[in-house]
Undergrad: 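One structure is given below, represented as structure tokens, and several questions about it will come after.
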Amino acid sequence: MTHSNRRNSKVHFDQDVMNDMLQQSSTEEQEQEDNNNNTNNATTTTTTTNTTVVAEETQTSTSPSPTTTNSNNSPSPTTFSTTEEEDNNNNNNNDNKTLPTIHLIDDQAIDTTLNTNNIPENHQHYDNNSNNNNTINQVDHSTQTTINNTTTNNNNNNEEEEEEGHAKLKLHIKRKTSSRNSSRHSTPSSLNNTNGDNTTNGNKTPSPFTGDKTKLSKQDILRLHKEEIKKQVKELEKMERPKIYPNHSEISFYGASGTVTGSKHYVTCGSLNVLIDCGMFQGLKELRERNWKLISSSKPVELMTDSIIITHSHIDHTGYLPRMYALGFRGTIWMTEQTFNLCKLVLLDSAHIQEEDAYFSNKENTTKHPVALPLYSEDEVRGVLDLVKTVKYGEKVTIKSLNEEDFFTFKFFNAGHLLGSSFVEVSLSTGEKLIFSGDLGTFKHTSPVHQHPQLPIGADIMVVEATYGGKSHIDFQTGKATENENYLFETKVKPDLKKAVDYINERGGCMLIPAFAIGRSQQIAYYLLKMMRDGDIPVLPVHINSPMAVEALNFYLQNLVYEHQEDAVELLKLVKCHNTTAESKELNNQLKQGYNRCIIISSSGMLVGGRCLFHLETLAPENKNVILISGFQAEGTRGRCLQEGCKELKLHGKTVPINAKVMTVTGLSAHGDTEDVIKWIEAAKNPKPKMIFVVHGEPNSLRQMAREIVTELEIDALVPKRGTTFHMKNKNSHKTSRRQSMWEMEQENLRKQSIVGKLEKMSKKDSKNLVFAVLLLVAVLALIMKLFL
């Protein structure tokens, strides 16, 4: 129903009551959007209270090229386009080479051509694709209100008009609430009516949940979660599977395309389908909402996938695995043993947080949706972990299709990103060789918890990351040799840590370091304790307050077994660990009571959740404290807001002023920069890559990395859009081509015609001879019989 139709309706509403209903918002979900708005305002002024952030950490990315949507959701033809003007705007480069890029319609893209001129401010349009028509069938009882009907007659016509008015109001509200879907706090699309209306067989469709959500138990929430999964499985089963082409291979990009998170690269080889990484989207609301949708709207990827290969344990590469399991995936998952051990920590912690957040949001009524649900449960995590098989570095593994006609071999090699991280070398039965970089480490420094990545031998096609595309971990103006493995620590890490520690020591404050639980937390703790032992900074207590980080610390202590790692093991044993909720609350209470001159390392690294937020709420208002940003901060996160100079954040429903000193420690990144990635690609010479796909980066970083590959290595590089499929040519492709098939059919017809023609000629021309030969044969036989008888 259009807005003009609602205005012309005979049923009128109390405008104040209606506005109150439409403007209800969950404080926890709205916080991130408000924080982003605060950041936009803050960037217009100069912030002198914050330490200058290094350019490679905070460079604002350009928006991706706009795409048009196809109303029929049909695949759009691939086009390669770029302009010199675009290149000049995105890169400070004087050459005139242009970079070919793929511009495809996103198979789940939001319609950018929607005319929103007549939509009121408090109404948000939401993407409705053919498989996810996000409409809420009925409003929660707690949000219903009375409708004032101006007519006084109580006849049946008025009752029907009143029901129509209720329906219209609910339609407006559900459009409002359906635009709020996000991970953990959303109404999943599969709970909604996929027919695009509010009726089924002439009757009102019952709401997925219409009771008092504040009284829901954890078991009730899990039951609703299972119902939502069942409905999405039905959507998958209705999808038509694509036709299988023998001797044909292709690769599709469903994640980490145009963004840093949600890695999913789908390789098809004949009838065999393998997914490389299975990550969760993070950051902006639009990205988080993708976690609730099916991977593809055109084919049931979740049910078609035969195997999954995981490069490392980070959530943006593994976080969608339990959802795959819940939706029906039962194939094999391949990863290294160290990745598996860390993956258990990551996924169980993620599921626990989602279940707790959903329960808290419903209980406290802080969600605007009918009910908050987890994306997956702990039981689903345990189920998917049972599908894992571990592989050693360099071990060759073969995956075969059910008919064993198509196969897929791969090997893991050390990527140097964190313990167990790998890049994957893939060989297809059709003859192509591919390499997926995963997340690459750097060659510019080493530490007991990181190693240099191995170099690839060669590949026809490579898929590489671009987290630091167009950026460098070193200052080229110094002219220092990058081969010095202590260079980054001495010139960047050590001065930044010393400055922050001296600041809190002089003022009697505390330092909060939001850090990734695996790898980064242990690395920072090691450097701090090493500097304290060497006398570079005062000796202060170092706390790690994160269950996952504590478990990961114990895992690191067990796996740092080489001689050069003994020093790290002894130092890391000095860390004060806080594992339980009670221990975390006690530490936060001590901070409120004046506990100072201490260092707290806590996750999450981008301040999107976790115990770190409680410490941030306590420490941020006082200028004696320091918030030390320790890594890459994705767009739309609180960490990015702090880096860009925001003056306040919303935390736990409160607006918290940011008076603490915000600093950044550089040189800690476990990702390779542009120079590292170029060096890594350049080593692949047997064969030399013919095509390189650039993924896992913000739009500007992707474009700059692709341009560096083209100019430095003279190899074609493409930045794929999400939903792009690239068809690979091989030596057998022509055998199954349409033209080859038509030629073979023509040759067969000619052959048949030739045989038939010869038979016809023989029947006419030689028929008399044939009769004569038969008669002659009969005569000869008769003569022989007469002679012998």
Side-chain angles (χ1 to χ4, degrees), residues 75 77-78 102 104 241-254 257 264-278 295-296 298-301 303-311 331-332 334 391 395-413 422-438 456-464 681 684-695 715-718 720 723-745:
T78 304
I102 294 179
L104 267 191
R241 299 197 178 204
K243 182 179 178 181
I244 296 174
Y245 296 97
N247 296 317
H248 176 74
S249 54
E250 62 188 43
I251 177 172
S252 302
F253 300 90
Y254 293 118
S257 303
K264 298 181 190 76
H265 311 309
Y266 194 68
V267 179
T268 296
C269 179
S271 61
L272 184 64
N273 300 290
V274 178
L275 188 63
I276 311 294
D277 282 333
C278 190
I295 292 178
S296 171
S298 60
K299 57 186 176 182
V301 171
L303 299 181
M304 291 172 53
T305 303
D306 297 298
S307 290
I308 300 175
I309 299 174
I310 298 298
T311 60
T332 304
W334 306 90
V391 183
E395 180 182 351
K396 185 177 180 180
V397 178
T398 300
I399 304 172
K400 293 184 178 181
S401 60
L402 293 177
N403 57 15
E404 297 192 354
E405 292 182 358
D406 305 300
F407 63 87
F408 181 116
T409 63
F410 73 91
K411 293 180 182 179
F412 282 134
F413 296 92
S422 312
F423 68 85
V424 188
E425 179 186 276
V426 173
S427 297
L428 305 180
S429 58
T430 49
E432 299 89 351
K433 188 175 181 181
L434 295 78
I435 288 181
F436 296 84
S437 72
I457 297 174
D460 299 304
I461 295 173
M462 301 182 80
V463 180
V464 302
I681 296 173
K685 297 180 179 179
N686 188 27
K688 182 179 179 180
K690 302 178 183 65
M691 178 69 70
I692 295 178
F693 292 100
V694 187
V695 297
I715 301 174
D716 289 334
L718 298 177
T724 301
T725 295
F726 177 77
H727 300 266
M728 292 175 273
K729 181 180 70 174
N730 61 71
K731 59 183 180 182
N732 296 320
S733 295
H734 71 282
K735 294 182 180 180
T736 57
S737 68
R738 179 179 57 83
R739 290 183 178 180
Q740 178 71 12
S741 299
M742 293 175 64
W743 181 84
E744 290 176 354
M745 290 175 62

Undergrad: Nearest 0.5 Å please: distance from the CZ atom of Phe423 over to the CE atom of Met462.
TA: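 Output value for this atom pair is 7.5 Å.
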
Undergrad: I'd like to check Ile309 versus Val397 (side-chain heavy atoms, cut-off strictly below 4.5 Å). Are they in contact?
TA: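 The answer is no, as the side chains (C-beta and beyond) never meet within the 4.5 Å cut-off.
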
Undergrad: What residue among Ile276, Thr725, Val301 forms side chain to side chain contact (heavy atoms under 4.5 Å, CB included) with Tyr266?
TA: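 By the side chain to side chain contact (heavy atoms under 4.5 Å, CB included) criterion, Tyr266 pairs with just one of Ile276, Thr725, Val301: Val301.
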
Undergrad: Should Ile461 and Glu432 count as side-chain neighbours, where that means a heavy-atom distance under 4.5 Å?
TA: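 In short, these two side chains do not touch, never coming nearer than 4.5 Å.
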
Undergrad: What pair of heavy atoms forms the shortest contact from Gly458 to Ile435, and how long is it?
TA: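 Here Gly458 and Ile435 meet closest at O-CD1, 3.7 Å.
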
Undergrad: My understanding is that only residues two or more places apart in sequence, or in another chain, count here; which of them pass side chain to side chain donor-acceptor pair (under 3.5 Å) with Thr311?
TA: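 Counting only residues at least two positions away or on another chain, Thr311 forms a side chain to side chain donor-acceptor pair (under 3.5 Å) with Asp277.
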
Undergrad: Could you give the distance from NZ (Lys396) to CD (Glu425), rounded to the nearest 0.5 Å?
TA: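 Going from NZ on Lys396 over to CD on Glu425, the span is 9.5 Å.
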
Undergrad: Could you work out, with salt bridge (Lys or Arg N to Asp or Glu O under 4.0 Å) as the rule, every residue matching Glu250, not counting sequence neighbours?
TA: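 Glu250 satisfies salt bridge (Lys or Arg N to Asp or Glu O under 4.0 Å) with Lys299 only.
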
Undergrad: State, yes or no, whether a side-chain contact exists between Val267 and Ser249 at a heavy-atom distance under 4.5 Å.
TA: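 Counting from C-beta outward, Val267 and Ser249 never come under 4.5 Å.
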
Undergrad: For Asp460, check side chain to side chain donor-acceptor pair (under 3.5 Å) against everything at least two apart and list the hits.
TA: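 Per chain and number, Asp460 pairs via side chain to side chain donor-acceptor pair (under 3.5 Å) with Lys690.
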
Undergrad: Not counting sequence neighbours, which residues clear side chain to side chain donor-acceptor pair (under 3.5 Å) with Thr268? List them please.
TA: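 Side chain to side chain donor-acceptor pair (under 3.5 Å) list for Thr268, sorted by chain: Asn273.
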
Undergrad: For Ser437, enumerate each residue passing the side chain to side chain donor-acceptor pair (under 3.5 Å) test, keeping only those at least two apart in sequence or located in another chain.
TA: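 Listed in chain order: nothing, the list is empty.
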
Undergrad: Please report, to 0.1 Å, the donor-acceptor pairs under 3.5 Å made by any side chain of residues 405-412, with sequence neighbours excluded.
TA:
residue: Asp406; atom: OD2; partner: Ser271; partner atom: N; Å: 2.9
residue: Asp406; atom: OD2; partner: Ser271; partner atom: OG; Å: 2.8
residue: Thr409; atom: OG1; partner: Ser427; partner atom: O; Å: 3.4

Undergrad: Would you say the side-chain atoms of Ser422 pair up with the backbone N or O of Val424, donor to acceptor, closer than 3.5 Å?
TA: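 No, the answer is negative, given that no donor and acceptor are paired below the 3.5 Å cut-off.
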
